[in-house]
Amino acid sequence: MSPGRDAPLSVGEGVRMMFYALSPNESSFETLHEVPNYVAQAVPYFWAMILLEVTLCWYKGTRLPRVNDTVSSVSAGMLSQLAKLLTRSVELSAFIFVHDRYRVASLPWDSPLTWGVTFLGVDLGYYWFHRLAHEVNVMWAAHQVHHSSEYYNLSTALRQSVVQPYTSWVFYLPMALFIPPPIFIVHIQLNLLYQFWIHTEMISSLGPLEHVLNTPSHHRVHHGRNPYCIDKNYGGTLIIWDRLFGTFQWESEKVVYGLTHNINTFNPWVVQYVHFRHIWRTLWTTPGWCHRLWVVIKGPGWAPGKPRLGCLEDIPKITGGEAPYDPAHPGWVQAYVVAHYALGFGAYEKLMAGGEAATQAEVLALLTSILLALSSYSFIMDKRPYAAPAEAARCALQLACHLLQLVELGLAAQVVFASSMVIWSLRSLRVI
């Protein structure tokens, strides 16, 4: 179950949507079917704003976003959305269940007061979810995906977890006792979209707004692995919750981004599930069942004899010489990945837009081609020894699916995949 209205927003509405600036009058709906799928309609704005950021980086002479990191971030976002093809929206389904059976009241859907209460309620629920996603190890295992980039730019905002929605829904359930579901689903989307544009280094300060809103400066702190940044600034749209609950921190020394112990890979499956594997291994090396339970529900830095959230002294010191994981590639390899990623993104858009109308075989073929592509690109970017044969096999499989009429490729795409198959086959044989 998801938002249902397909009518496109105007450009003005789309831009304001990205900044949570839609008025209550234009973003209040009586039924779920009327609620726009704001997240789906935001995709062109994501790309436009990323392009603008890249242009500003080039103009200012600052570090440009890396192809490998950007592809890794967008891949995580695609996986998180593809997972929703297999299951109904957990947040919305649970919210409707509680609202239909246990509500104590239902505020009027067309009231500005209802809109304002939902705005505050969703943001407060997000604060507590986000805080516990850093303070409870099994929740951190899902959320760490978003923090795994060692860069901080707009593409980082797209680096989302497949598993995280299965823990976040609980924090919004109290609102289901009195908030109409259509108003809730509007705000859960707008709250998410607001957080896209704050993932940038291009904006230093917003002046007096820094005291009320979550801003790029505040969120840079949240993404830092500097000791002063750890477990700070959890707010979604508003920063007032951090001020109220003692987790606020101003940006001071230069922020170094990423995890305290970086994973050094672009593999989308490792990015998604590496910390779950870490928890599993820690469980079997930790003595006592009580301590094993604490491994799951206490902080990611906890160990027997340590405080619930671990010790800041255990976090690696920032020396100023930290270098992000960035295997070197010739320009043609980066251009190759970008070009094929564009082809694959077309298949992703087709699957997300028309999955319900396609046959099961077509959906499976599209889904398989996307997942194999994301994996193969990561092998190339990580410079794995099996990258060349894996990419040659992927291109061959894509052509086979076309011949079997499971996916549709234009003539130009067929030429691209055929030539790519030959190139990577020759590279796997070390001919070129």
Side-chain angles (χ1 to χ4, degrees), residues 6 37 40 43-44 46-47 67-68 70-87 155 158 162 266-269 271-272 329-432:
D6 295 325
N37 191 332
V43 171
F46 291 157
W47 290 118
V67 168
N68 47 27
T70 300
V71 166
S72 181
S73 293
V74 178
S75 295
M78 290 171 66
L79 285 177
S80 71
Q81 293 300 306
L82 286 170
K84 295 178 181 179
L85 290 176
L86 306 177
T87 60
S155 71
L158 304 178
V162 170
F266 301 112
N267 187 309
W269 309 106
V271 169
Q272 290 287 338
H329 288 286
W332 77 266
V333 172
Q334 298 185 55
Y336 175 91
V337 171
V338 171
H340 274 260
Y341 208 89
L343 286 174
F345 197 81
Y348 165 79
E349 286 283 274
K350 180 179 179 180
L351 183 59
M352 295 301 294
E356 295 180 358
T359 66
Q360 289 184 340
E362 290 169 338
V363 169
L364 182 61
L366 282 171
L367 185 60
T368 301
S369 69
I370 293 168
L371 298 181
L372 289 178
L374 299 185
S375 300
S376 187
Y377 302 151
S378 74
F379 299 156
I380 294 171
M381 295 183 296
D382 280 335
K383 303 184 80 168
R384 301 301 183 203
Y386 45 79
E391 180 63 5
R394 182 188 75 85
C395 293
L397 182 61
Q398 191 74 19
L399 290 170
C401 287
H402 171 71
L403 293 174
L404 294 172
Q405 298 183 338
L406 295 175
V407 298
E408 184 178 347
L409 298 176
L411 180 59
Q414 294 176 52
V415 171
V416 168
F417 279 110
S419 58
S420 298
M421 180 185 66
V422 172
I423 291 171
W424 289 104
S425 296
L426 293 175
R427 285 184 67 82
S428 65
L429 297 171
R430 302 185 183 278
V431 175
I432 59 174

Let me see the working for L79 and W269 under side-chain contact (heavy atoms from CB on, under 4.5 Å), right down to the final yes or no. CA-CA 9 Å; L79 285 177; W269 309 106; 4.0 Å; yes
Dump the intermediate steps for ring pair (Phe, Tyr, Trp, His ring centres under 6.0 Å) on H402 and F417, then the final yes or no. CA-CA 11 Å; H402 171 71; F417 279 110; 9.6 Å; no
Checking F266 against V71 for the side-chain contact (heavy atoms from CB on, under 4.5 Å) test, could you report, in this order, the C-alpha distance in whole Å, the side-chain angles of both residues, the deciding distance, and whether it holds? CA-CA 8 Å; F266 301 112; V71 166; over 6 Å; no
Verify side-chain contact (heavy atoms from CB on, under 4.5 Å) between W47 and V74, making sure each step is shown before the conclusion. CA-CA 11 Å; W47 290 118; V74 178; 4.1 Å; yes
Does the side-chain contact (heavy atoms from CB on, under 4.5 Å) test come out yes or no for S369 and L397, once each step is laid out? CA-CA 8 Å; S369 69; L397 182 61; over 6 Å; no
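In this structure, R394 and A373 approach most closely via the heavy-atom pair CD-CA, 3.4 Å. Annotation for S375 and S378: closest pair O-OG, 2.6 Å, computed over non-hydrogen atoms. A pairwise comparison of heavy atoms in I370 and Y348 identifies CD1-CA, 3.5 Å as the closest pair. In this structure, Q414 and L399 approach most closely via the heavy-atom pair O-CD2, 3.8 Å. Between Q81 and M352 the shortest heavy-atom distance is O-CE, 3.6 Å.
In summary, the side chains of S75 and Y341 do present a donor paired with an acceptor at a separation below 3.5 Å, with no hydrogens or angles considered. Between the side chains of E391 and Y336, a donor-acceptor pair is found at a separation under 3.5 Å.
Here the CG-CE distance, from N267 to M381, works out to 9.0 Å after rounding to the nearest 0.5 Å. Summarising the geometry, atom CG belonging to L371 is positioned 12.5 Å from atom OG belonging to S376; distances are rounded to the nearest 0.5 Å. Rounding to the nearest 0.5 Å gives a distance of 12.0 Å between CD of E362 and CG of L404. Considering CD of Q398 and OG of S420, their distance stands at 10.5 Å, rounded to 0.5 Å. If you take SG on C401 and CG on L366, they are separated by 8.5 Å, rounding to the nearest 0.5 Å. Remark: L343 CG to H340 NE2 distance equals 6.5 Å, nearest 0.5 Å.
The aromatic rings of W424 and W332 are tilted relative to each other, their planes meeting at an angle between 30° and 60°.
Although no hydrogens or angles enter the test, the distance criterion places no donor-acceptor pair under 3.5 Å between the side chain of T368 and the main chain of A365. Judged purely by atom type and a 3.5 angstrom limit, S80 uses its side chain to pair as donor or acceptor with the backbone of G77.
Other residues, nucleotides and ligands contribute at most 12 non-hydrogen atoms within 6.0 Å of the CD atom of E408.
For R384, the salt bridge (Lys or Arg N to Asp or Glu O under 4.0 Å) partners at least two apart in sequence or on another chain are D382.
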